[in-house]
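Proteins come first, then strands; the chains are lettered A, B, ... in the order of their sequence lines, and each starts at number 1. Just so you know, these numbers use all the heavy atoms, side chains as well, and skip hydrogens, waters and symmetry mates.
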Protein chains: 2
Amino acid sequence: MGEAILKREQVRDYLLELIETHPAGAPIPAERVLCQQLSVSRPTVRSAVEELVNTGLLVRQHGRGTFVARAKITQEMVSGPGSMSLPRASGTWASRVLEHARIPAGARVGRRLRLSPAAEIHYIARLRLVDGEPMALEHLHVPAAVAPSLTLHDMESGDFYDRLREHGVHVLEAVQSIEPTVVNESEASLLGVPVLAPALLFERLTTDADGRQVEYVHSIYRGDRYRIMSRLTLGASPRSTVDVQARIGGSGPF
Amino acid sequence: MGEAILKREQVRDYLLELIETHPAGAPIPAERVLCQQLSVSRPTVRSAVEELVNTGLLVRQHGRGTFVARAKITQEMVSGPGSMSLPRASGTWASRVLEHARIPAGARVGRRLRLSPAAEIHYIARLRLVDGEPMALEHLHVPAAVAPSLTLHDMESGDFYDRLREHGVHVLEAVQSIEPTVVNESEASLLGVPVLAPALLFERLTTDADGRQVEYVHSIYRGDRYRIMSRLTLGASPRSTVDVQARIGGSGPF
DNA sequence: CCTGAGAAGTGGTCTATGCCACTTTCTACT
DNA sequence: AGTAGAAAGTGGCATAGACCACTTCTCAGG
């Protein structure tokens with residue numbers, strides 16, 4: 001069997017050559033033509049084309065043809081399995097609960113969670129540590145109406161979203177923003193950095209399958225120890241890799 | 001035809017239900033069984049399964065079966081077409097060249113590009129504007145050895161990577177880091193913000209198909225006008241959306 | 001000259017079928 | 001009892017053909 005030459009791969013490689021040698025927007029041969037040229041069946045051709053369409057190298061247009069795509073850049077950052085708590089970094093994470101209460105949402109949080117300021121929420125503040133060093137300060141808010149019986153243990157659990165699921169909440173997606181900021185006095189003392197030191201502010205709003213806001217997270221990450229790494233791939237990306245990293249020791253290539 | 005019910009979608013939806021109601025690791029019915037249950041052909045079933053495998057909801061194991069995957073979070077940020085210059089934002093971009101020269105790499109840039117400090121590079125510094133407002137300060141470095149005849153016009157072009165390609169350089173991928181910082185005096189005056197204002201530092205190292213470093217970019221983005229937005233999707237992501245945004249006017253939901 | 005109908009070519013979907021490769025299980029022989 | 005091998009079940013790959021939906025071009029009719 002040694003070779004194990006798959007026709008599908010042959011077709012794909014042939015198409016990759018075409019893509020390399022043709023400018024963006026150029027049409028590639030019709031599927032039925034490719035079948036003849038390469039002596040394969042149409043489903044095989046279609047399968048190969050589909051792969052390249054999925055990776056963004058080709059664009060299909062019904063009734064017109066298939067074309068070399070304009071190169072697009074995709075950037076992927078994948079948090080590890082389990083906790084949806086992006087960002088995630090190498091090293092050993094731990095967390096220390098600073099505060100935990102059931103309180104009214106207030107104006108700021110209520111607006112983000114689309115709640116009345118008087119509506120109750122579960123609130124937890126925790127210091128996140130990497131290898132014993134403070135790395136981030138995280139404030140988590142979950143509407144009490146969403147999960148009335150949520151316990152502290154639930155919120156501390158690594159599989160927080162699995163806990164929510166047990167409470168009948170199916171987490172669907174989240175929108176996250178990242179922006180630079182500087183730490184204030186209390187943040188500085190908790191994180192062990194000088195006041196006004198650079199930091200990253202993460203805000204995340206999580207939505208469930210019913211469209212309800214189920215979580216609002218506000219996190220401050222130390223700028224001197226934390227950076228976001230990402231790999232950008234031009235066009236063909238089989239699967240880009242992770243790389244949200246915490247700098248613990250040396251400074252590395254960057 | 002009104003309805004236009006695609007069998008493939010029916011199968012996919014059926015599988016999504018199974019995934020919702022089964023724990024991670026649970027097997028789903030065999031493909032041939034699904035064919036009978038849903039009265040469709042195997043290629044149709046396989047096509048639907050493949051889609052869910054691609055989106056990370058199912059895992060196939062040759063000879064064993066197909067299983068519900070452990071939910072993973074993917075975060076995608078896609079820069080618009082054209083310039084690989086991530087980040088990109090809405091609004092009208094323009095740029096003003098501040099400096100342009102062919103100079104020795106120096107220690108810092110040389111290390112990143114894996115060049116001798118004495119090796120020559122093309123250097124360009126430009127101010128990037130959104131709707132006329134300064135948004136970022138970008139420093140671009142390209143080894144002269146990579147593209148000896150590169151002109152200023154090449155480097156200013158929106159399709160800079162296409163220009164490189166014409167010089168025989170096939171850009172492959174890039175590694176980018178993002179970290180918070182504060183602006184210094186000269187950056188502050190160019191960007192029109194106070195000294196020590198929060199900012200994002202982007203560093204990008206681009207590699208070509210031969211493994212050579214072809215570009216090193218160092219950019220400072222205003223923290224008050226720029227933020228990174230991303231959508232995190234649990235498992236099933238047909239295609240997450242863009243969302244690296246510049247805040248020009250109002251503050252928005254966040 | 002303009003316009004509309006039709007033909008031709010394209011991708012989109014689906015069926016029916018065959019064989020191969022890998023894994024697990026059970027059985028029969030040692 | 002242990003082990004090798006067959007059998008059954010799984011996904012992996014490929015074929016041939018049919019029909020549909022959309023786009024473009026051409027050509028005849030106004």
| So, Ser47(B) versus Thr44(B): side-chain donor-acceptor pair below 3.5 Å or not? | no
| Any donor-acceptor pair under 3.5 Å from His141(B) side chain to Tyr216(B) backbone | yes
| field | Consecutive-pair stems (at least three Watson-Crick or G-U pairs, under 3.5 Å) that include DNA chain C | value | C:1-30 with D:1-30
| Gln36(A) has an atom CD; how far is it from atom P of dT10(C), in whole Å? | 11 Å
Report, one line per pair, each donor and acceptor closer than 3.5 Å where one atom sits in a side chain of residues 14-27 of chain A; sequence neighbours left out.
unit_1, atom_1, unit_2, atom_2, d
Tyr14(A), OH, Gln37(A), OE1, 3.3
Thr21(A), OG1, Glu17(A), O, 3.0
Thr21(A), OG1, Leu18(A), O, 3.2
His22(A), ND1, Leu18(A), O, 2.7

| In terms of ring plane angle, is the pair Phe202(A) and Tyr226(A) parallel, tilted or perpendicular, where the classes change at 30° and 60°? | perpendicular
| said: Is there a side-chain contact (heavy atoms from CB on, under 4.5 Å) between Arg126(B) and His139(B)? Walk through the geometry before answering. | reply: CA-CA 7 Å; Arg126(B) 45 184 182 178; His139(B) 303 271; over 6 Å; no
| What's the CZ-P distance between Phe67(B) and dT23(C), to the nearest Å? | 12 Å
| task | For Arg60(B), check side chain to side chain contact (heavy atoms under 4.5 Å, CB included) against everything at least two apart and list the hits. | result | Glu31(B), Arg46(B), Val49(B), Glu50(B), Val53(B), Thr66(B)
| query | Could you write nucleotides 6-14 of chain D as a row of B, S and -, 5' to 3', where a protein heavy atom under 4.0 Å of any base atom gives B, of only sugar-phosphate atoms gives S, and otherwise -? | reply | ---BBBBBS
| ring-ring contact (aromatic ring centres under 6.0 Å, His included) against His122(A), all qualifying residues, sequence neighbours excluded | none
| query | Who are the side chain to side chain contact (heavy atoms under 4.5 Å, CB included) partners of Arg96(B), not counting sequence neighbours? | reply | Leu98(B), Leu127(B)
